[in-house]
Amino acid sequence: MNPWLNAMFQFAFFYPMVMAFFWMSGGLYYFFRRERKSRPRNDPPPMAEYPFASLLIPCHNESANLDDTLGAALAQRYPDFEVIAINDGSTDDTGTRLDALAALHPRLRVVHLDRNLGKANALRMGALAARSEYLVCIDGDAMLEEFAMHWMVWHLTSGPRVGAVTGNPRIRNRSTLLGRLQVAEFSSIIGMIKRAQRVYGRIFTVSGVIAAFRRTALHRIGYWADDMVTEDIDISWRLQLDHWDIRYEPNALCFILMPETLKGLWRQRLRWAQGGVEVLLRHGSSLFSWRKRRMWGVLLEYILSVLWAYTMLVIILLWAVGKFIPMPPSLYIDTLLPQWHGVILALVCLLQFASSLIIDRRYETHIGRNYFWVIWYPMAYWLISLFTTLVALPKTLLRRRGKRATWVSPDRGIR
């Protein structure tokens with residue numbers, strides 16, 4: 001086999017396996033060091049004082065979810081807070097329903113924006129309207145667990161350099177195979193990666209569906225950028241480049257709706273992949289400074305993931321061409337079907353899921369029943385991740401600079 005092709009095969013095989021062990025070791029270290037003997041979720045740490053906090057909820061055509069989302073928001077077990085719902089140019093009856101709810105609940109205030117200017121702009125307007133230094137932000141279809149605000153504000157008040165806290169999203173809709181796979185994914189992939197990144201250095205991104213911010217930190221960096229496809233990745237990088245700390249709090253649970261169709265899942269993951277490419281292009285060159293060395297691990301991890309996707313593309317193309325055109329033996333690829341190396345990767349994947357499900361039993365008692373479904377994860381999600389990364393790079397490079405990212409209502413699962 002050609003030495004370059006052999007090197008590509010080695011990278012394609014070892015990269016996901018090495019990263020799985022990297023995430024497992026960091027996640028398990030975080031669990032045994034910080035979580036295993038920590039306080040239970042319904043008994044958050046007491047605070048010397050409970051500062052006033054603001055809960056921001058940007059809404060665009062969220063009429064069907066308002067009762068659940070605002071009901072959970074207003075039921076927070078925190079003594080002093082306000083809820084600000086930002087109606088960002090909704091075309092349904094979201095605005096009318098928000099006004100009716102505000103008349104019933106003194107804690108709730110509503111900000112109406114006359115046209116759809118995007119989530120980043122809605123969050124900025126909400127932050128400017130808020131009366132607190134501490135801002136907890138959730139999506140318009142999310143349901144906060146009752147102690148989530150307490151856990152997140154506790155982190156923000158625990159140190160002057162804590163600029164943000166990212167919470168622990170959990171999947172609400174689990175009636176389909178895609179829904180059940182995402183339960184395992186958010187546990188074993190997203191949750192474990194955040195734990196590992198907290199151990200090794202910096203966090204790639206806060207969860208846009210549940211995050212808390214110090215207003216002073218946001219003001220220093222200019223709040224959310226309204227021309228980025230994923231405002232959460234961009235704000236995370238800019239905060240950390242300004243030397244603010246971002247923490248992960250697994251006890252801050254937030255139950256969310258996720259796509260349950262392949263079309264909806266593709267659109268969501270393509271947007272996530274575009275967001276990663278955008279921050280790489282915008283902020284990557286500014287990281288080559290010794291003062292910003294703690295971001296190097298995040299940068300390297302992301303670059304390697306993009307290289308892996310394009311390595312797989314070259315392997316797939318060589319295999320496809322070889323089926324129609326005679327190829328030199330050194331470049332001929334007989335099959336893409338998993339062989340012994342595929343079995344090893346599958347076993348490592350199952351080991352990663354097993355370790356994460358053990359950790360997550362603290363937050364969902366019966367989460368282990370989803371373990372059976374994770375055997376389908378590599379087929380469903382690795383392929384989607386591979387192809388969204390391949391599409392995202394050229395799509396982002398061709399996207400017009402400075403174009404405002406406006407709302408597009410996502411797939412929220414089968415009702």
Look only at the side chain of R131 and the backbone of S54, and say whether a donor-acceptor pair between them is shorter than 3.5 Å.
no

Between E249 and H155, the two heavy atoms sitting closest are OE1-NE2, 2.6 Å

Which heavy atom of D227 sits nearest to which heavy atom of E278, and what is that distance?
O-OE2, 4.3 Å

Using only atom types and a distance under 3.5 Å, with no angle test, would you say the side chain of E82 pairs donor to acceptor with the backbone of R109?
no

Do L128 and Y223 come close enough that some side-chain heavy atom pair is under 4.5 Å?
yes

Residue pair R361, I358: steps toward the side chain to side chain contact (heavy atoms under 4.5 Å, CB included) verdict
CA-CA 6 Å; R361 286 186 304 174; I358 290 171; 3.9 Å; yes

Checking the side chain of T166 only, and the main-chain atoms of S207 only, is there a donor and an acceptor separated by less than 3.5 Å?
yes

Would the number of heavy atoms belonging to other residues, nucleotides or ligands and lying under 6.0 Å from CZ of R293 be above 12?
yes

What do you reckon, is CZ of R291 surrounded by more than 12 foreign heavy atoms closer than 6.0 Å?
no

Steps toward side chain to side chain contact (heavy atoms under 4.5 Å, CB included) verdict (F387, W266):
CA-CA 9 Å; F387 288 110; W266 170 264; 3.8 Å; yes

Any L66 side-chain heavy atom under 4.5 Å of L98 side chain:
yes

Residue pair M152 / A252: nearest heavy atoms and the distance that separates them
CG-CB, 3.7 Å

Please lay out, stage by stage, how L28 and F32 fare under the test side chain to side chain contact (heavy atoms under 4.5 Å, CB included).
CA-CA 6 Å; L28 289 170; F32 286 109; 4.3 Å; yes

Do W308 and T389 have side-chain heavy atoms sitting under 4.5 Å apart?
no

For F213 together with W224, are the ring centres under 6.0 Å from each other?
yes

Report yes if the side chains of V298 and W237 come closer than 4.5 Å at any heavy-atom pair, otherwise no.
yes

May I ask you to decide if M149's main-chain N or O and Q76's side chain share a donor-acceptor pair within less than 3.5 Å?
yes

As an exercise, state the distance from CD of E35 to OH of Y363, rounded to the nearest 0.5 Å.
3.5 Å

First locate atom CD of E146, then atom CG of N42, and finally report the distance between them rounded to the nearest 0.5 Å.
8.0 Å

Ignoring hydrogens and angles, tell me if any N or O in the side chain of Q240 forms a donor-acceptor pair with the backbone of M295 under 3.5 Å.
no

Could you report the tightest heavy-atom contact between Y200 and G26, atom names first, then the distance?
OH-N, 3.4 Å

Could you check if a side-chain atom of P44 sits within less than 4.5 angstrom of a side-chain atom of W154, using non-hydrogen atoms only?
no

Once the angle between the rings of F204 and Y302 is folded into 0 to 90°, is it parallel (under 30°), tilted (30 to 60°) or perpendicular (over 60°)?
parallel

Side chain of S236, backbone of V206: donor and acceptor closer than 3.5 Å?
yes

Between R170 and E145, does any side-chain N to carboxylate O distance fall below 4.0 Å?
no

Is there side-chain contact between T311 and F9, with at least one heavy-atom pair below 4.5 Å?
no

Min side-chain heavy-atom separation E133-P51 under 4.5 Å
no

Determine, for D139 against K119, whether the closest basic-nitrogen to carboxylate-oxygen distance falls under 4.0 angstrom.
yes

Report the distance from atom CG of L144 to atom CG of L55, rounding to the nearest 0.5 Å.
6.0 Å

Restricting to non-hydrogen atoms, name the atom on L113 and the atom on A122 that form the minimum distance, rounded to 0.1 Å.
CD1-CA, 4.1 Å

Side chain to side chain contact (heavy atoms under 4.5 Å, CB included) between E301 and W23, intermediate numbers included
CA-CA 11 Å; E301 182 181 327; W23 294 331; 3.5 Å; yes

Step by step, work out the side chain to side chain donor-acceptor pair (under 3.5 Å) result for H60 and D88.
CA-CA 5 Å; H60 177 72; D88 189 31; 5.3 Å; no

Please work out whether the ring planes of Y248 and Y30 are parallel, tilted or perpendicular, with thresholds of 30° and 60°.
tilted

Should we say atom OH of Y29 is surrounded by more than 12 heavy atoms from elsewhere, each under 6.0 Å from it?
no

When rounded to the nearest 0.5 angstrom, what distance separates CZ in F255 from CG in N168?
8.5 Å

R282 side-chain N/O to M228 backbone N/O, donor-acceptor pair under 3.5 Å
no

Side chain of T69, backbone of G140: donor and acceptor closer than 3.5 Å?
yes

Determine, for R214 against D245, whether the closest basic-nitrogen to carboxylate-oxygen distance falls under 4.0 angstrom.
no

Heavy atoms from other residues, nucleotides or ligands near NZ of K323 exceed 12 (cutoff 6.0 Å):
yes

Output for pair (I233 CD1, E231 CD), nearest 0.5 Å, gives 9.0 Å

Heavy-atom donor-acceptor pair, H243 side chain to K292 backbone, under 3.5 Å
no

Under a 3.5 Å distance rule, please check whether R202 uses its side chain to pair with a backbone N or O of G297 as donor and acceptor.
no

Just how far is it from atom CG of N251 to atom CZ of F147, taken to the nearest 0.5 Å?
11.0 Å

Quick one: are I235 and L218 in side-chain contact, heavy atoms under 4.5 Å?
yes

Salt bridge or not for R172 and D141, using N-O below 4.0 Å?
no

Sort out for me which residue in N116, D93, T94, T91 forms a side-chain hydrogen bond (donor to acceptor under 3.5 Å, both in side chains) with N61.
T91

Between V153 and A53, which heavy-atom pair has the shortest distance, and what is it?
CG2-CB, 3.9 Å

